[in-house]
Each structure stands twice: as structure tokens, then as C-alpha cells.
Number of protein chains: 2
Amino acid sequence: MEKPPTIKDVANLARVHAATASRALNPSTRAKVSTRTANRVLEAAKSLGYAPNSAARSLRTKTSSVAGVIIPDLRNPVFPPIVRGIEDALREAGYMALMGNTDGDEERERELLLAMRGRQTDGFILATGRRNDPQPEDRVPTVLVNRRTDSSEIPSVTNDNNAGVHATVQMLAELGHERIAHVAGPQALSTGWERYRAYLDAMAAHGLAVDPEWVTYSEAFTEEAGYEAAKRLQGGVTAIVAGNDLIALGCYSALEERGLECPTDVSVVGFNDMPFANRQRPALTTVRIPHYEMGLEAARLLLERIADPTAPAKRVILPVELIRRASVAAIKSVH
Amino acid sequence: MEKPPTIKDVANLARVHAATASRALNPSTRAKVSTRTANRVLEAAKSLGYAPNSAARSLRTKTSSVAGVIIPDLRNPVFPPIVRGIEDALREAGYMALMGNTDGDEERERELLLAMRGRQTDGFILATGRRNDPQPEDRVPTVLVNRRTDSSEIPSVTNDNNAGVHATVQMLAELGHERIAHVAGPQALSTGWERYRAYLDAMAAHGLAVDPEWVTYSEAFTEEAGYEAAKRLQGGVTAIVAGNDLIALGCYSALEERGLECPTDVSVVGFNDMPFANRQRPALTTVRIPHYEMGLEAARLLLERIADPTAPAKRVILPVELIRRASVAAIKSVH
DNA sequence: TTGTACGCGTTATCAA
DNA sequence: TTGATAACGCGTACAA
């Protein structure tokens, strides 16, 4: 039950004052100490298994080397690789991640932010951003990942939703599809909104009309909500551009229920290329986003931001790639 | 850029001493303060938007209300729901989770433990336990989840691997299978080992012989490793009990490569019922483990343990359920 | 280059 | 019931 060694113990063993030990232990102040004593201190620290008490350090420096990571729900398969990327980049810089899930509940998000701020969090990475979220009033460095706000004051890392949907529509058009539907994601989220706008854009660019019956809105980025929205689709469409992969799976269910086959009767395309999208039945055509890299980049942006809070708010947009699988087919020739 | 209010500000506003304010603010010591002054302090705190500085509190109390959660890799689909359960239970108790991934690297695990301990973590939940892991020398409360050690000194929450495999073998036997193979998980992990033992047990219980050619070992619980191990299988088996779902997917690939069809030629059963197991092709028969509940239970065990470190080390085993899907079929009658 | 002195914000202990 | 005081471990002006 012996207590962990403090810097004083290290100092005693090295026959120096605690202040000197502190300087020797801290890379940024090591230059202020003679190499000989510095080495003695370092050795003493090692032999004692000294680890600095971060509470004391935080109290003194107002920093904690901890970042808060807030996401809607870890069980949505998009997030694990993003979080993993965040964690890896943070760790490289000596940071750790505090995790929290909100289930999309804004009240819960506020509570989480408060609780994490109380724990001296140095910054936040939020995957929960809504398009019209206000700039946080307090000045804790914050980065958005995957989703972003309409205004450009908060740094963000997102992917090229526009290019992804354009590539999707182009592929479908080339396969002869004209009656192309869109089961859109929530319009309060940049992902849902940008993909919807891109769908309209791309259709126009290919000279394809859009019947309002071909567009429905999913309440959430879930399989269930996608299923409900897909059921409301009318007008004999031959292809569906889904707001994301989970919504696409909901479309599968709705099609099956109507006795329609994918891709023979209706082609379906998702977005995200979430894990196991290739294992679905049929294998899902989708737009691959660089999940892990988004996490990496978001964490790096946050670290930059912590280092210099006045730096301009970058908005990083990562490239995407259309992955064609079995869920799309050329349109049946009209007989 | 004004600084956040401290307990002193609250005390001044309420016209009491800081110590009194502390007592009033802290639920466990509130009784030591008259109701009238307590209310005055609480109101002052509210009007100032006071939030305690947890670094100072940690420094003083040696506790942080933070738990470390260490897992192999968040991208393994088994872990997200477990972590989510952990997080939910921790939050209910005012705790937060620090996350870390090890990729199964023991060196990295040591580093993580050290770094987290330095951050005043009150306890650990490890999903990385190996059968022969030593009891941690330091006395930080620790709970294992999903995997456990052979010795019984560390509390753990696992699932009934034995019952799950027995149910699997029984189902296969009832379908007429006799040449039942096992692609085992890593034997250094309790999950891999217990399921292997259960396979041998269950085969014996049904009077079925086990040819050594029917058993291979996967290096890891991954699709790739499962594929490699499945390729080594010999002896014309008609069913495979896979160490887990990812290994089962590897078996799918190996079978396909040999031109064998599942379930027509070979039945396959996994373990875990990970998300989207029902969406695989063919839909995977598997043993459902209560992921989320395991996380909940592990966190509760940890909280108990933190409250009373001398309490006996419970080993909780949660029930499982065999989920039959399209990947198994009755054996083809011998012609 | 090293030592001294102090304060970060909180809570435990002791005295009133 | 309340106030005064000290201490948690560290980092940093300042002095030597």
C-alpha cells in the first residue's frame, strides 16, 4: 500500500531540489539544467517508476492532455473507425480521449460537454454537429468531424458528399436509369443536407427530372428509419440513392416487402462504405469515405487548435470513392 | 476571457467561508451545514454557474471519477456495444471513460495502463485479458470483460461459452452431422480456450469422435486469420463450429474457394451474434451474447469494487442464446 | 545552473 | 454549525 513516488522522492534520490527535478523531467525546460544532473534525475525517476501526478500538473498548468470525444452512438458502424483514428493521433501527441455518446439528444450533449469541461478537457471533437449549431460560447478548442455547421467558424473534417453523390448519379445514369429516387438523411445534419442538394444538382446536370414522389426523408440515419422512409417512395423508380448505408439497408427491406428485387428491379446505392457493406445481400454499392483518416485528421486539427487557438478555422474535406458492387445493374430494357 | 468561478467566489457571494461552501456543495457532507446556509450556498453556486475544478479535487481526494477502458480494437464489431454499455453505466454513477486500443500488443497495454494511472484513473475495465495474465501488482480496481484469466482473483464478466457451444453441437448433431470441425480462436484467450474445451466436451457428450484433422487454430479473432485456419481443415467435414463470427466469415471465404457451398455442403456456426451477422450471405447461425449488458455489468462491478476494494472478486457469467439462421442445414442423406 | 517561495482550487482536520 | 489552516504535487517567477 505504499504511495506512488512524487517528484520530491525523485529529487531526494538525485540529491537535487524538487524544482530542479521538475526542470529536468520536463523536456521543454531541460535545457535549463546541466546535462549531468539531468541524467541523474532521469535515472532516479526511472528507478522509482515515477509518473507525474496529472491532477497536480493540471491544477498548476490548466491543461490536462485529455480531449473529449462526443458521438451520437458508438454502435453506428461509421463511428468506431473514426474514433480509432482520433485515438491513435491523440496518443501520438500524449493525449487521451474521454468518450461520450449522446444518442442525438442535445440536452445530453450539453451535460456531457459540461461534465468533460469540469474535468479539464483541453478540447473537443464532436461528431454530433448540427447545421445550425451555434458557435460554442466558451473558448474551448473544438473540431467537428463527419458533420459540420453551416457557418464556417468551427474547424471541421468532413468528406466530399457532393462528389460522392455526383459519381453515384452518373453511374446510374450511365446504366440507363432515369427514375432515380433519393431517400434522404435528416436535413438538420450537414451529411443529410449536402447529399440531398448534391442529388438535385447531379440529376439536373444529367438532364434528369426529379418527381417529388421520388424523394423521401429518413428521420434518422438508421436502418429502421430508412425502411420507413423507403416505404413512402412512389412512382415506380428504378434506382435509389440512399442517404447512407444504414438507410440503404432499410431500402433493401422495403423493396423485399414489396416483392421487388435488388438489383434486378431496383438498384440501390448507399454512402459511407461501412464495415461489412461488402457482405450485405446483395453486396452494397456505396461511396467509400476515409473513416480512419477522418479521425486522424480531426485529432490533428484539434491539436493544432490547442497549440494556437487563434489560428484560422480550417475546413478539411477528404476525397471519397465510389465502390461498385452487386446492388446496381443496368436498367431492364423497355419491352 | 474571465476565469471560471471558484469555490471561493461562491463562498464570498454566500457570505460564508470556503470550507463551509465546500461542505454545502458536497452531498455527502451537506448534513454538516445548516439548511439555511446550505441553500444560500447552492443558490450562489447556481447564479455563478460554478463547476468544481476536478483537478484540484483529484489532487486532494486521490479520486477522479474516471475509469480507463482498454480494448484490443474498437473496429472489431463485438466491442462497440460493450463499450457503450460500460459508458452508460459509468455515467449513471457520475463517471466518465478514458478509452484506449492495444491491437493485442501487451507492451502497448502496459503503456496505456501507465498513462491512465498517471491521470488518476479510479479503475480499469479490460477487454484484453489473457488467460495467464498476472494479477496486477498495483491495487487499482480492475474488472475484466468478455475475456478472463484462469485464476479467479480478478472480477470478470463473461458469457457462457460452454453452454453456447454445447447448444451449437447439439443442434448440428440433431441435423445429422457427425463430422463436425472446429476452427478455434487463440488458445491464450479464455474465449478461444473455453469454446475449444466445450467443443471437445460436447462432441464426447453426443458420442461423436473428433479427428485431429478437424480442428485448426486461428491466430486471431479476425476474418483473415479465420480464413487461413479454415484452409488447413482436412477430412471432409460437414459442419464447422467457428471460434467467433469473424472466424466464421473467414470459413465462408475458404469454403467458397474450395467450391463448397454453405449450408448445402457445409454448415457453419459462429459465436457472438455481432451486428449484421443476420445480414451475411448466408445469414450466419451464431450464439448471441449480451454485448451491451456485459458492458453494463462490468461497469457496475467496477463501481462496486471501487467502493469496496476488499469485496470478493465476483465472476459474472451471462447467459447466451443460439440463433439459428440460414448457414446450417440438415446433412445430405448418404446415397 | 540551482534553490527558495508561492499558488493553483479543493477538502480534511482541528479549533472555536 | 462554522471558520481557520494546512496539505495534496507540481511548475515557475525570482533570487542566489
Side-chain angles (χ1 to χ4, degrees), chain A residues 1-42 44-45 48-66 94 117-122, chain B residues 1-42 44-45 48-66 94 117-122:
Chain A
M1 210 52 193
E2 80 269 11
K3 289 162 188 168
T6 75
I7 201 168
K8 253 188 159 171
D9 300 323
V10 175
N12 284 341
L13 186 60
R15 300 174 166 277
V16 293
H17 194 270
T20 309
S22 171
R23 289 186 276 254
L25 257 12
N26 210 310
S28 69
T29 49
R30 186 159 312 154
K32 306 178 135 195
V33 168
S34 79
T35 322
R36 272 197 52 226
T37 52
N39 284 339
R40 221 172 38 203
V41 171
L42 256 33
L48 289 176
Y50 168 76
N53 179 322
S54 73
R57 173 179 284 171
S58 288
L59 182 58
R60 178 70 194 168
T61 63
K62 311 281 186 201
T63 69
S64 62
S65 294
V66 170
R117 206 133 44 87
R119 284 187 173 72
Q120 315 302 309
T121 309
D122 286 350
Chain B
M1 212 53 194
E2 79 269 10
K3 290 163 189 167
T6 73
I7 202 169
K8 254 187 158 172
D9 300 323
V10 175
N12 285 340
L13 186 59
R15 302 176 163 274
V16 293
H17 192 271
T20 308
S22 170
R23 288 187 277 255
L25 257 12
N26 211 307
S28 68
T29 49
R30 186 161 308 154
K32 307 176 133 194
V33 169
S34 79
T35 322
R36 271 196 54 226
T37 52
N39 284 338
R40 221 172 40 205
V41 171
L42 255 34
L48 290 176
Y50 168 76
N53 178 321
S54 72
R57 174 177 284 169
S58 287
L59 181 57
R60 184 63 190 155
T61 64
K62 311 279 185 202
T63 70
S64 62
S65 294
V66 169
R117 206 135 44 87
R119 284 187 172 72
Q120 315 302 307
T121 309
D122 287 349

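Just so it is clear: chains get the letters A, B, ... in the order the sequence lines come, proteins before strands, and each one is counted from 1. Fair warning: this is a prediction, and the values are worked out from it, not measured in the lab.
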If I take atom [atom1] in residue [X] and atom [atom2] in nucleotide [N], what distance separates them, rounded to the nearest angstrom?
| X | N | atom1 | atom2 | value |
| --- | --- | --- | --- | --- |
| Arg30(B) | dT11(C) | CZ | C1' | 15 Å |
| Asn39(B) | dT1(D) | CG | C1' | 15 Å |
| Asn26(B) | dT13(C) | CG | P | 14 Å |
| Leu25(B) | dT11(C) | CG | C1' | 12 Å |
| Gln120(B) | dC8(D) | CD | C1' | 10 Å |

For residues Val66(A) and Arg119(A), determine if any side-chain heavy atom of one lies less than 4.5 Å from a side-chain heavy atom of the other.
->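 No, too far: nothing below the 4.5 Å cut-off.
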
Counting just side-chain N and O atoms, does [X] come under 4.0 Å of either OP1 or OP2 of [N]?
| X | N | value |
| --- | --- | --- |
| Thr37(B) | dT2(D) | yes |
| Lys62(B) | dG9(D) | yes |
| Ser22(B) | dT11(C) | yes |
| Asn53(A) | dC8(D) | no |
| Ser34(B) | dT2(D) | yes |

Calculate, to the nearest 0.5 Å, the distance between atoms OG1 and CZ belonging to Thr20(B) and Arg23(B) respectively.
->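 Taking OG1 in Thr20(B) and CZ in Arg23(B), the distance rounds to 4.5 Å.
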
Got a second to check how far Asn26(B)'s CG is from Thr61(B)'s OG1, nearest 0.5 Å?
->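 So the CG of Asn26(B) and the OG1 of Thr61(B) are separated by 9.5 Å.
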
Contact list for DNA chain D against residues 10-20 of chain A - heavy-atom distance below 4.0 Å |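 Those residues whose heavy atoms fall under 4.0 Å from DNA chain D, taken from residues 10-20 of chain A in numerical order, are Ala19(A).
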
If you draw a 6.0 Å radius around CZ in Arg30(B), do more than 12 non-hydrogen atoms from other residues or ligands fall strictly inside?
->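 Yes, CZ of Arg30(B) has more than 12 neighbouring heavy atoms, counting only those of other groups under 6.0 Å.
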
Taking for each residue the nucleotide of DNA chain C with the nearest heavy atom, is it Ala55(B) or Thr29(B) whose nucleotide lies nearer the 5' end?
->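 Final value for this comparison: Ala55(B).
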
Under the side-chain hydrogen bond (donor to acceptor under 3.5 Å, both in side chains) criterion, do Thr63(B) and Asp122(B) qualify, and how do the steps go?
-> CA-CA 6 Å; Thr63(B) 70; Asp122(B) 287 349; 4.6 Å; no

For the pair Ser58(A) (side chain) and Ala55(B) (backbone), establish whether a donor and an acceptor sit closer than 3.5 Å, ignoring hydrogens and angles.
->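 No, Ser58(A) side chain to Ala55(B) backbone: no donor-acceptor pair under 3.5 Å.
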
Is it true that a side-chain atom of Asn53(A) and a backbone atom of Ala56(A) form a donor plus acceptor pair closer than 3.5 Å?
->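 Between the backbone of Ala56(A) and the side chain of Asn53(A) there is a qualifying donor-acceptor contact (under 3.5 Å).
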
Could you check whether Ile7(A) gets within reach of a base, just the sugar-phosphate, or nothing at all, counting any heavy atom under 4.0 Å?
->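 If one applies the 4.0 Å heavy-atom cut-off, Ile7(A) turns out to touch the sugar-phosphate alone, with no base involved.
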
Under 4.0 Å between any heavy atoms, over every strand shown, what does Lys32(A) touch: base, sugar-phosphate, or nothing? Just pick one.
->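 Here Lys32(A) touches the bases of the nucleic acid.
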
Which residue lies more 5' along DNA chain D, comparing Arg60(B) with Val33(B) via nearest heavy atoms |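 Final value for this comparison: Val33(B).
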
When only distance counts, do a donor and an acceptor, one from the side chain of Arg57(B) and one from the base of dT10(C), lie under 3.5 Å apart?
->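 No such pair is found, so the answer is no.
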
Any donor-acceptor N/O pair under 3.5 Å between dG3(D) base and Arg23(B) side chain |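 Flag set: donor-acceptor pair detected.
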
